[in-house]
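Nothing fancy with the numbering, it's 1 onward along the sequence. The structure displayed is predicted, hence computed values, not measured ones.
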Amino acid sequence: MAATPKKKRTAARILAVGAGLATVGALVAALPAGASGTKGGSNHGRYVDVQLLSFNDLHGNLEPPTGSAGRLTHLKEDGTTETVNDVGGVEYLATHLRQAREGNRYSITAAAGDMIGASPLVSGLFHDEPTIEALNRLDLDVTSVGNHEFDEGAKELARIQNGGCHPTAGCFEKGKRFRGADFPYLAANVTNEKSGKPLLDPYFIWERNGVKIGFIGVTLEGTANIVSAEGIKGLKFGDEVETINKYAKVLERKGVKSIVALLHEGGLPASGAYNYDCDSPGAGAGISGPIVEIAKNVTPQVDALVTGHTHQAYACTIPDPSGKPRTVTSAASFGRLYTDTTLTYDRRTKDIVRTAVASANHVVTRDVPKAKDMTRLITRWNTLAAPIASRPVGYISADIDNPVDATVYEKPLGDLIADAQLEGMAPADKGGAQLALMNPGGVRAPLVHKASGVEGDGVVTYGEAYTVQPFTNMMTAVDLTGAQLITTLQQQVSGANQAAPKILQISKGFTYTLDLTKTGADRIVTSSVKLNGEAIDPSKTYRVAMNEFLAGGGDGFAVLKEHKNKLVGASDLDLFTAYLAAHSTATAPLAPPATGRITVVK
């Protein structure tokens, strides 16, 4: 049964119901000769400018993200790049969005999934109720689901939409009951395997003064491969293009010709700079990844695609199947950017004028006043979390980074976490692990030397450790043959991961060469794969530590499901904090580990 959000803000939107189901810069459309648009949207002219503000992959980052997670890269006119420090934070995002809406009579705010999940402690500790409360205050109108909306399963997602206290943790504040999301979560391609009906609303129609714009929300088809299987039993994740095209026809039949797709799948621009021109030398020439083929095949009935998942920043023009230019955007992650898009609506045709587009992302700087309501919200939840969050768990001598750059394959923090998992699972009675593998997407933030509060520089608090490892995945030790280990490495760069490689973080003593001059599985130099200097024997059995997510074949590592003799240990967070405690003191802090376990040939 579809979850229906409470209608708390009806002036600017209506929720479409069908078939028994509750179902950053500007994109400037060039108008026909003699036509003119009016800023803010005139009620009387033929053409109305509708502002679309969008963002994606917030991941519960209410407080300003720190370290590399709070930075962006800016491309200068001379072709060099510079780092933009201190960006993001919902107090600043709220101010930027509210300022952007000023003077715009027709304004919609939409998102492309992963609003929650993998969240820092101030949200994650409370099952992301604080983030939903913040999004309600941000006046978010609609979002698609992302894969992380399923981190705690479909039942918990329904609670996030509809409200109610957590089934085991209960209500977190005396006398207050969680009211759920004011905005609809759209999940057009997430259906019940038996009934075929969408789990949540497939589309949403925003309407004001006769102007109608439809939104179709989907998550990536591969969601089932990157979330816990237990929480999504009985659900099917359908093809993104087929689903969007299907519901575009449904909206057309309802008289809605202006359509935006909210799609939790994305691309990889050739540059990591947020203002990189991915339309040079031609439309969409500077972007690759899954979104390219999706955009090229989504029906021309859809006027724009707001995307996410890859945590990249872009505002590209990828031609639709008819060759007509169409904007495809993504606003990086963690609330560091937002996109401001102008959709020029033709009252006569009821469609978006889409003859030329220009688009850019806006930086969420911290040089604007904090939104006071967001500050109060964060303070309230931090007060509840403080007894747990502020406890010291370790000490570091410098930043231990987790670069967001997809071309940085081995990351210092990834090495550290893999070492912690190996140490925790190595004792004979804990699993007897000889090496550890860590999925890169499970490392959510860097460890920053500068104090985040009153704890002092170099002190790692439980809250900071939780932000790094927020999933509380249980660790396992399993048997894999040497051949399966090599296949695992090959699956990092082939099959489901060929277009967007997922390079596992590995424990000390495990080494190999990644040859980027080759393609697919051949990128792994099999003769270079060694454990403690000794070549991996394909016929030998090795004990390997990994979390439950990887052991279930997550992230496209199907071979890992073939493991044997599984032993379940402590959680990844417990092993991480135990390692920090064992290897650091205030007088002898832990230094960032040296990289070099993966030799990269370019």
Side-chain touch [X]/[Y], heavy atoms, less than 4.5 angstrom:
| X | Y | value |
| --- | --- | --- |
| Pro120 | Glu63 | no |
| Leu138 | Thr109 | no |
| Val363 | Tyr274 | yes |
| Asn547 | Met438 | yes |
| Val260 | Ile108 | no |
| Tyr92 | Lys370 | yes |
| Phe557 | Leu437 | no |
| Trp206 | Tyr106 | yes |

Regarding Thr476 and Glu548, is there a side-chain donor-to-acceptor distance under 3.5 Å anywhere?
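No, because no side-chain N or O of Thr476 sits under 3.5 Å from a partner of the opposite role on Glu548.
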Would you kindly say whether His309 and Asp114 are connected by a side-chain donor-acceptor distance under 3.5 Å?
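No pair is found: no donor N or O on one side chain lies under 3.5 Å from an acceptor on the other.
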Would the distance check show the side chain of [X] and the main-chain N or O of [Y] forming a donor-acceptor pair, the cut-off being under 3.5 Å?
| X | Y | result |
| --- | --- | --- |
| His563 | Leu560 | yes |
| Gln505 | Lys411 | yes |
| Gln301 | Thr299 | no |
| Tyr345 | Ser258 | no |
| Glu455 | Gly453 | yes |
| Asn361 | Ser330 | yes |
| Arg336 | Ser333 | yes |
| Arg444 | Gln469 | no |
| Arg208 | Arg105 | yes |
| Thr191 | Lys197 | no |

Do the rings of [X] and [Y] sit parallel, tilted or perpendicular, given the 30° and 60° boundaries?
| X | Y | answer |
| --- | --- | --- |
| Tyr247 | Tyr203 | tilted |
| Phe204 | Phe215 | tilted |
| Phe172 | His166 | tilted |
| His311 | Phe334 | perpendicular |

Hey, is [X] close enough to [Y] for a salt bridge, meaning N to O under 4.0 Å?
| X | Y | value |
| --- | --- | --- |
| Arg137 | Glu133 | yes |
| Arg380 | Glu173 | yes |
| Arg177 | Glu129 | no |

Can Ile160 and Phe178 be said to form a side chain to side chain contact (heavy atoms under 4.5 Å, CB included), step by step?
CA-CA 9 Å; Ile160 288 294; Phe178 176 56; 4.2 Å; yes
Pick one: which of Leu121, Thr131, Val122 meets side-chain contact (heavy atoms from CB on, under 4.5 Å) with Trp381?
Val122
Decide yes or no on salt bridge (Lys or Arg N to Asp or Glu O under 4.0 Å) for Lys249 and Glu252, but give the supporting numbers first.
CA-CA 5 Å; Lys249 292 178 181 178; Glu252 286 263 348; over 6 Å; no
When rounded to the nearest 0.5 angstrom, what distance separates OH in Tyr185 from CG in Leu200?
9.5 Å
OG1 on Thr310 to CG on Asp57, rounded to 0.5 Å
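Nearest 0.5 Å value for the CG-OG1 distance: 7.5 Å.
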Locate the shortest heavy-atom distance separating [X] from [Y]; write the atom from each residue and the value.
| X | Y | answer |
| --- | --- | --- |
| Ile216 | Ala248 | CD1-N, 3.4 Å |
| Pro446 | Gly67 | CG-CA, 4.0 Å |
| Thr467 | Ala445 | CG2-CB, 3.7 Å |
| Asn189 | Glu240 | ND2-CG, 4.4 Å |
| Gly424 | Lys430 | O-CB, 3.5 Å |

Side chain to side chain donor-acceptor pair (under 3.5 Å) assessment of Glu152 paired with His127
CA-CA 9 Å; Glu152 294 191 50; His127 299 275; 2.9 Å; yes
For the NZ atom on Lys257, are there more than 12 heavy atoms of other groups (residues, nucleotides or ligands in this structure) within a distance under 6.0 Å?
no
